Amino acid sequence: MTMLDDVSQDEASAIALDQADPLSSLREEFSIPAGPNGEPVLYFCGNSLGLQPRRAVDHVNEVMTSWAARGVHGHRNGSAPWYPYHEHFRETGARLVGARSGEVVMMNSLTVNLHLLLTSFYRPEGQRRRILMESPAFPSDIYCLQSHVKARGLDPDDVIMEVGPRDGEETLRTSDIIETIESHGDEIATVMMGGLNFLTGQVLDMPAITEAGHRAGAMVGFDLAHAAGNIILNLHDWEVDFAAWCSYKYLNASPGAIAGAYVHERHASNPDIPRLAGWWGNDPDTRFQMHLQDQFVPVSNVESWQMSNPPILAMAPLRASLELFDGVGMAALRERSLRLTGYLRSMLESRPGRRYRIITPDADDEHGCQLSIVVDGDATEAFATIEECGVVADFRPPNVVRIAPTPMYNSFHDCWKFAMLMGDRFGTPDP
Ligand SMILES: *Cc1c(COP(=O)(O)O)cnc(C)c1O
């Protein structure tokens, strides 16, 4: 990323960048919360909870109206019947993460999906029973792996191996991950990592890790909570075995939204893979045979991991979300995202006398929209100052402020305002 010159750092240039980009109009699809002064807040928290797509309201109302008008017949009738509702996401969900039709299903929530997928893709056998994960990892992933391993009658201390940044470094080196996989090759059953680190914003080299894992004979899966809707994923071509993500961060599909799960078709079409089952994963042709059919016949795609009749109301906002993502396409969004985050970084790094630094890697293929900023001195106090200025962002102890300009609803002007504020509060004020 090249530094901006003096002229292109002014406010008029930021506004001009917004005006020149046709994707700037996507912002109008969203409800932006207002601050105390009635103006829209500087919302940089899409990495935690995405904003509401306006059209989500219509999709939710449609479900309520159909339920009121039709009762049980809403399953089969109306403009969006409930029985095939999950099929709305079959193609759009697959395109979002670079998968084929039948490799993605939207269901449950993220940690639940991780457990369901580990049931299938963590198959300890003999000496091969370790799980390799990254550090620092998101707490839910740690609890998930520890409890999962215990539930299988194994000791997490024996099973879970971590690879983290080297002393004095903040991000992971792909070579260290690959070396760990190679040196413990015949002990590793499953590699499971966050594809985009929640804390540092670093994107891992998923294709290289997958290849190394497969060479060692392990299954490889990724938690894509911070990656889905943020960066370009090619899960099928990368041969990733399994993945899961939530939909309330970059996907803007409502608090605690219905999550995603991906299983590569070579596994998804295999009826013999062990999985926890329920009637919604059964072949639809015999699903309603009820007690007459007591053998589970898995649908021959990832939908066989569905267990229950899904919560339609909760799925309604996800329709709004995936319509928006699919309408623009990840390629165009990512292109805008790189420009937006690159602009913010350049603005932040050129504030004179700055007393903060960005720990997120700079290379295009190593970051998404988030920049993780470490402010010198008392980080809690610094974050309070940032919030007082009308910025919605988040803080992860001990000292990381996460700022995520999303390409869907953030503007270059938002980034300009934030950089000026940082320069003002944590730099030498301009003479
Ligand atoms: C946000 C996030 C979660 C949250 O899990 P839920 O089951 O959706 O509550 C888990 N893991 C990672 C890496 C996350 O970023």
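Start at 1 and go down the list; that is how both ligands and their atoms are numbered. Keep in mind that this is a model prediction, so the values were computed, not measured.
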Enquirer: Applying side chain to side chain donor-acceptor pair (under 3.5 Å), can you list everything that pairs with Gln146, at least two apart in sequence or on another chain?
Expert: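 Not a single residue meets the side chain to side chain donor-acceptor pair (under 3.5 Å) criterion with Gln146.
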Enquirer: Please determine if Arg55 and Glu29 form a salt bridge, counting it only when a charged side-chain N lies under 4.0 Å from a carboxylate O.
Expert: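 Answer for the salt bridge query: yes.
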Enquirer: Dump all N/O pairs between ligand 1 and the protein below 3.5 Å as a table: atom names plus distance, one pair per row.
Expert:
from	atom 1	to	atom 2	distance (Å)
ligand 1	5 (O)	Thr111	OG1	3.3
ligand 1	7 (O)	Thr111	N	2.8
ligand 1	7 (O)	Thr111	OG1	2.5
ligand 1	8 (O)	Tyr248	OH	2.6
ligand 1	9 (O)	Tyr248	OH	3.4
ligand 1	11 (N)	Asp141	OD1	2.6
ligand 1	11 (N)	Asp223	OD2	3.0
ligand 1	15 (O)	His226	NE2	3.1
ligand 1	15 (O)	Lys249	NZ	2.5

Enquirer: Once ring pair (Phe, Tyr, Trp, His ring centres under 6.0 Å) is applied, what residue pairs with a partner in residues 178-214 remain, sequence neighbours excluded?
Expert: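 Every pair satisfying ring pair (Phe, Tyr, Trp, His ring centres under 6.0 Å) with a residue in residues 178-214: Phe138-Phe198.
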Enquirer: Any salt bridge between Glu303 and Arg90, counting N to O under 4.0 Å?
Expert: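 A salt bridge links Glu303 with Arg90.
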Enquirer: According to side chain to side chain donor-acceptor pair (under 3.5 Å), who are the partners of Thr171, at least two apart in sequence or on a separate chain?
Expert: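 Side chain to side chain donor-acceptor pair (under 3.5 Å) check on Thr171 returns nothing, list empty.
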Enquirer: With the threshold set at 4.0 Å, does a side-chain nitrogen-carboxylate oxygen contact exist between Glu265 and Arg100?
Expert: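 Yes.
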